[in-house]
Undergrad: 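Handing you a structure now.
Atom set for the values below is all heavy atoms of this structure, side chains included, hydrogens, waters and symmetry mates excluded. Because the structure is a prediction, the values reported are computed rather than measured. Numbering of ligands and ligand atoms starts at 1, following listing order.
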Amino acid sequence: MKKYQLMAPGPTPVPSEVLLAMARPIIHHRTPEYAALFTEVRTGLKRLVQTRQEVLTPACTGTGAMEAAVANTLSAGDRVIVVNAGAFAQRWLAIARAYRLQIVELAAPHGETVPAERVAEAVRANPDVKAVLVQHSESSTGVLHDVRAYAQVTAGIDTVLIVDAVSSLGIADLPMDAWGVDVVVSASQKGLMLPPGLGIVALSDKAWRANARSTSPRFYLDLAEERKYAEKNEARFTPAVSIMVGLREVLRMIEAEGLANVFRRHDRLSRATRAGAEALGLRLFVKTTPSPALTAIEVPAGVDADRVVEGFATSHNITIDGGRGPTKGKIFRIGHMGYAAETDVIIALAALEQVLADLGQPVDFGASVRAAQKVFVVGS
Ligand SMILES: *Cc1c(COP(=O)(O)O)cnc(C)c1O
């Protein structure tokens, strides 16, 4: 028997109290019981997203919520800026193309970011630009983009800032209203430690004004319709009832820990993972600001990173993930988001030492664990 550990950069493990809540008999969504749940979830989500806006919960994955953001704020022919430094940014590009938008692409190599100054220049050069589309945490590379600085660029102009926060909501601080982010998009299966299937999306007043102008076709993901129902505390269609039940539990857990402490925990886990990797002489892939959701690690010359991922799976029953596109075979990614604790990082690092040794690499056993433990002592 090998105990299973899910340490991918999503989906992430679901706490047993949440699984148990979701295992109870399904409730109907037009009952007082569901109404009470929806009230609690709507209030909790506003606190989590740090907004006074209604936070909508369409039954779809993160990509569905990304598409909803585009379909509800933009129209064919609109010009948008896409900050592209990874696989999830390419998804923005694909959605923008599907909606026939004109794209100004600001590209950076994987592992890097696009400075806000470049976004500001692009906005100045394209005064008709309707939206800036970015990731907060680019999960394919492990970079945290400077959304706060991007928001300063779009403040005071009509351009909306649309942020994919799928791997940052409940992981890294993103105060939507305080920073002036116009659309926050997320999903259930990352920091929110739930099964996949629930999208999360909130629009600022500016984004709702853009919504009123937008002529893109939409029906299932018509967010203005969704909001009408949510404000009456009603579901427009059958909601993802089981995930909503789990979400109520998750919001209670986050509330009990304290949102600031949740961010501190993720920061500590990511610092410890980085310290552990470096203690083994491995290089971190991200040279700018790393996302606290995951750590991307380069392999020594002559090692295929996919063999590391395979070693985790076959020898230790731990799921991590490899690189995508240009980083395939060059990096592996360890997720430490959501239901993740210090001991999980210790397990992952100990397994990493074992896997590297199995691949014939010289390993100073215990070095990475020691480095992480030191972070946990002085950190906290
Ligand atoms: C996981 C993820 C998504 C969403 O993907 P789905 O599979 O559609 O849920 C989007 N953006 C980022 C940054 C992600 O990490």
Side-chain angles (χ1 to χ4, degrees), residues 6-14 49 56-71 82-96 98 108 110-114 131-147 150 161-174 176 181 183-202 220-221 240 243 246-247 250 266 270 285-286 288-296 319-325 327 331-340:
L6 179 54
M7 296 204 72
T12 64
V14 180
V49 180
L56 305 170
T57 48
C60 61
T61 71
T63 307
M66 290 170 78
E67 176 160 355
V70 168
V82 177
V83 168
N84 176 14
F88 287 102
Q90 284 161 18
R91 198 161 296 177
W92 277 139
L93 290 173
I95 296 170
H110 286 215
E112 292 179 24
T113 189
V114 172
V132 176
L133 301 157
V134 303
Q135 270 54 48
H136 187 202
S137 161
E138 171 55 80
S139 319
S140 70
T141 65
V143 167
L144 194 75
H145 294 303
D146 192 352
V147 165
Y150 298 157
L161 176 63
I162 302 180
V163 177
D164 167 0
V166 176
S167 70
S168 74
L169 185 65
I171 297 167
D173 197 17
L174 178 64
M176 175 174 165
V181 174
V183 184
V184 169
V185 167
S186 196
S188 49
Q189 78 276 23
K190 307 277 169 88
L192 299 189
M193 41 194 170
L194 289 163
L198 189 76
I200 288 174
V201 53
Y220 179 66
L221 292 171
I243 307 181
L247 179 55
V250 164
H266 284 93
S270 87
F285 181 57
V286 174
T288 58
T289 310
S291 164
L294 69 144
T295 301
T319 303
I320 60 166
D321 212 343
R324 291 271 181 280
T327 59
I331 63 168
F332 60 94
R333 294 173 298 142
I334 298 176
H336 35 67
M337 63 182 112
Y339 192 46

Undergrad: What residue among S270, S137, S168 forms side-chain hydrogen bond (donor to acceptor under 3.5 Å, both in side chains) with S291?
TA: S137

Undergrad: Are there any protein N or O atoms under 3.5 Å from the N or O atoms of ligand 1? List them with distances, or say none.
TA:
{"unit_1": "ligand 1", "atom_1": "5 (O)", "unit_2": "R91", "atom_2": "NH1", "d": "3.3"}
{"unit_1": "ligand 1", "atom_1": "8 (O)", "unit_2": "T61", "atom_2": "OG1", "d": "2.7"}
{"unit_1": "ligand 1", "atom_1": "8 (O)", "unit_2": "G62", "atom_2": "N", "d": "3.4"}
{"unit_1": "ligand 1", "atom_1": "8 (O)", "unit_2": "T63", "atom_2": "N", "d": "2.8"}
{"unit_1": "ligand 1", "atom_1": "8 (O)", "unit_2": "T63", "atom_2": "OG1", "d": "2.5"}
{"unit_1": "ligand 1", "atom_1": "9 (O)", "unit_2": "G62", "atom_2": "N", "d": "2.9"}
{"unit_1": "ligand 1", "atom_1": "9 (O)", "unit_2": "Q189", "atom_2": "NE2", "d": "2.7"}
{"unit_1": "ligand 1", "atom_1": "11 (N)", "unit_2": "D164", "atom_2": "OD1", "d": "3.3"}
{"unit_1": "ligand 1", "atom_1": "11 (N)", "unit_2": "D164", "atom_2": "OD2", "d": "2.6"}
{"unit_1": "ligand 1", "atom_1": "15 (O)", "unit_2": "S139", "atom_2": "OG", "d": "2.4"}
{"unit_1": "ligand 1", "atom_1": "15 (O)", "unit_2": "K190", "atom_2": "NZ", "d": "2.7"}

Undergrad: Side chains of H336 and T295: do they bring a donor and an acceptor to under 3.5 Å?
TA: yes

Undergrad: What side-chain donor-acceptor pairs closer than 3.5 Å can you find for residues 60-71, not counting sequence neighbours?
TA:
{"unit_1": "T61", "atom_1": "OG1", "unit_2": "T63", "atom_2": "N", "d": "3.4"}
{"unit_1": "T63", "atom_1": "OG1", "unit_2": "R91", "atom_2": "NH1", "d": "2.7"}
{"unit_1": "E67", "atom_1": "OE2", "unit_2": "Y99", "atom_2": "OH", "d": "2.5"}

Undergrad: Less than 4.5 Å apart, any side-chain heavy atom of F285 and any of R333?
TA: no

Undergrad: Suppose we screen for side-chain hydrogen bond (donor to acceptor under 3.5 Å, both in side chains). Which residues come up paired with T57, at least two apart in sequence or across chains?
TA: none

Undergrad: Mind checking what makes side-chain hydrogen bond (donor to acceptor under 3.5 Å, both in side chains) contact with S139, not counting sequence neighbours?
TA: S167

